[in-house]
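As the structure is a computational prediction, the values presented were derived from the model and not from experiment. Just so it is clear, the values below take in all heavy atoms, side chains as well, and ignore hydrogens, waters and symmetry mates. Ligands are counted one by one from 1 in listed order, and the atoms in each one are counted from 1 as well. The first residue in the sequence is number 1, and the count goes up from there.
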Amino acid sequence: MKIVMLGAPGAGKGTQADRIAEKYGIPHISTGDIFRANIKEGTELGKKAKSYMDQGLLVPDSLTIDLLMDRIAQADCKNGYILDGFPRTIPQAESLTRALAEKGEKLDYAVNVDVPDENIVNRMGGRRACLKCGATYHIAYAAPKAEGICDKCGAGLVLRDDDKPETVQERLTVYHDQTQPLIEYYEAEKILATVDGTQDMERVFQDIIAVLGA
Ligand code: ADP
Ligand code: AMP
């Protein structure tokens with residue numbers, strides 16, 4: 001099964017992608033996580049990506065598309081994958097459609113987690129991230145067992161630089177301008193499923209499973 005997650009930053013794409021990946025036994029691929037890992041390792045790609053991410057802007061397609069194509073060409077992707085945070089622009093979506101078509105393949109679903117802007121600021125302000133293993137928490141809705149410590153790997157949790165309120169507004173503007181048009185793109189491809197992302201995490205997950213099938 002090949003799935004892309006759509007939705008505003010902070011809508012819950014990563015949270016749901018983790019659960020879907022576990023249930024269906026497919027890798028969860030987050031371009032944001034790949035960029036953050038590169039930033040942590042101090043790679044050239046990380047240095048370039050950071051300058052855009054810190055401003056709430058998208059990393060250019062020229063740096064993003066090949067990175068994702070290389071990732072989905074790896075062996076663990078042969079039975080499918082769930083993409084979280086890619087595509088974020090029409091050219092990214094078109095590149096993915098084209099690359100799959102060349103192999104006689106296509107996406108199965110684009111799952112749009114719908115959350116209005118007014119809920120997003122609260123979601124992002126309360127998000128705490130583990131930069132070591134990529135796990136995500138929320139101080140009110142998904143708190144770690146010990147405050148500030150990752151349940152999975154024991155590392156310290158942080159408020160991501162790009163989750164600070166001044167950057168969140170810019171990210172929402174970028175989302176509406178560049179990423180939201182993908183909803184129509186996948187509607188036209190007849191693979192769009194929209195779920196109400198304002199519900200609690202378990203209900204959102206049940207709605208997604210109802211679409212994907214058990
Ligand atoms: P995205 O991957 O779309 O940026 P995340 O999955 O990281 O979003 O979720 C953003 C924040 O909101 C996280 O702190 C997460 O724990 C929390 N969250 C996710 N889904 C829900 C939900 N249904 N209700 C309340 N909080 C949620
Ligand atoms: P995320 O972890 O998905 O919230 O992404 C964090 C940041 O990484 C975004 O605000 C962008 O700057 C960058 N990013 C992640 N995925 C992409 C993508 N597909 N295209 C461009 N930029 C991306």
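Remark: minimum distance from atom 22 (N) of ligand 2 to any protein heavy atom is reached at Val59 N, 3.0 Å. The protein non-hydrogen atom at the shortest distance from atom 10 (O) of ligand 2 is Arg171 NE, 3.6 Å. In this structure, the protein non-hydrogen atom closest to atom 12 (O) of ligand 1 is Arg123 CD, 3.1 Å. The protein non-hydrogen atom at the shortest distance from atom 18 (N) of ligand 1 is Met201 CE, 3.6 Å. Closest to atom 19 (N) of ligand 2 among all protein heavy atoms lies Gly85 O, 2.8 Å. Protein heavy atom closest to atom 16 (N) of ligand 2, with residue, atom name and distance, is Thr31 OG1, 2.8 Å. Of the protein's heavy atoms, Gln92 NE2, 2.9 Å lies nearest to atom 20 (N) of ligand 2. With respect to atom 7 (O) of ligand 1, the closest heavy atom belonging to the protein is Arg127 NH1, 2.6 Å. Scanning the protein heavy atoms around atom 12 (O) of ligand 2, the nearest turns out to be Leu57 O, 2.6 Å. Summary of contacts: the protein heavy atom closest to atom 19 (C) of ligand 1 is Thr15 OG1, 3.4 Å. Atom 9 (C) of ligand 2 has Arg88 NH2, 3.9 Å as its closest protein atom, hydrogens excluded (heavy atom only). When only non-hydrogen protein atoms are considered, atom 10 (C) of ligand 1 lies nearest to Gly10 O, 3.5 Å. Regarding atom 16 (O) of ligand 1, its nearest protein heavy-atom neighbour is His138 CB, 3.4 Å.
Ligand 1 places these atoms under 4.0 Å from at least one heavy atom of Tyr137: 13 (C), 14 (O), 16 (O). Residue Tyr141 approaches ligand 1 through these ligand atoms, each under 4.0 Å from one of its heavy atoms: 25 (C), 26 (N).
For the residue pair Tyr141/Asn122, the side-chain donor-acceptor check at 3.5 Å is satisfied.
Under a 4.0 angstrom heavy-atom cut-off, Ala8 registers as being in contact with ligand 1. Within the 4.0 Å heavy-atom cutoff, Ala11 counts among the residues contacting ligand 1. Gln199 counts as a contact of ligand 1, since one of its heavy atoms falls under 4.0 Å from the ligand.
Salt bridge status for Glu41 with Lys47: absent, with no side-chain N to carboxylate O gap under 4.0 Å. With salt bridges taken as basic N to acidic carboxylate O contacts below 4.0 Å, none links Arg203 and Asp196.
The salt bridge (Lys or Arg N to Asp or Glu O under 4.0 Å) test with Arg71 singles out one residue from Asp33, Asp66, Asp76, and that residue is Asp76.
Contact annotation for Thr198 and ligand 1: no heavy atom of the residue comes within less than 4.0 Å of the ligand. With a 4.0 Å cut-off on non-hydrogen atoms, Leu58 touches ligand 2 through its backbone as well as its side chain. Contacts of Arg160 with ligand 2, taken as heavy-atom pairs under 4.0 Å, involve the side chain alone. Using a 4.0 Å cut-off between heavy atoms, Arg36 contacts ligand 2 through its side chain alone, with no backbone atom that close.
Glu147 CD: 12 or fewer foreign heavy atoms inside a 6.0 Å radius.
Residue Arg128 places no N or O, backbone or side chain, under 3.5 Å from any N or O of ligand 1.
Distances from atom 2 (O) of ligand 1 to the heavy atoms of Gly12, Ser30, Gly14 show the closest one on Gly14.
A donor-acceptor contact shorter than 3.5 Å is absent between the side chain of Asp161 and the backbone of Asp54.
Using a 4.5 Å heavy-atom cutoff, the side chains of Gln92 and Thr64 are in contact.
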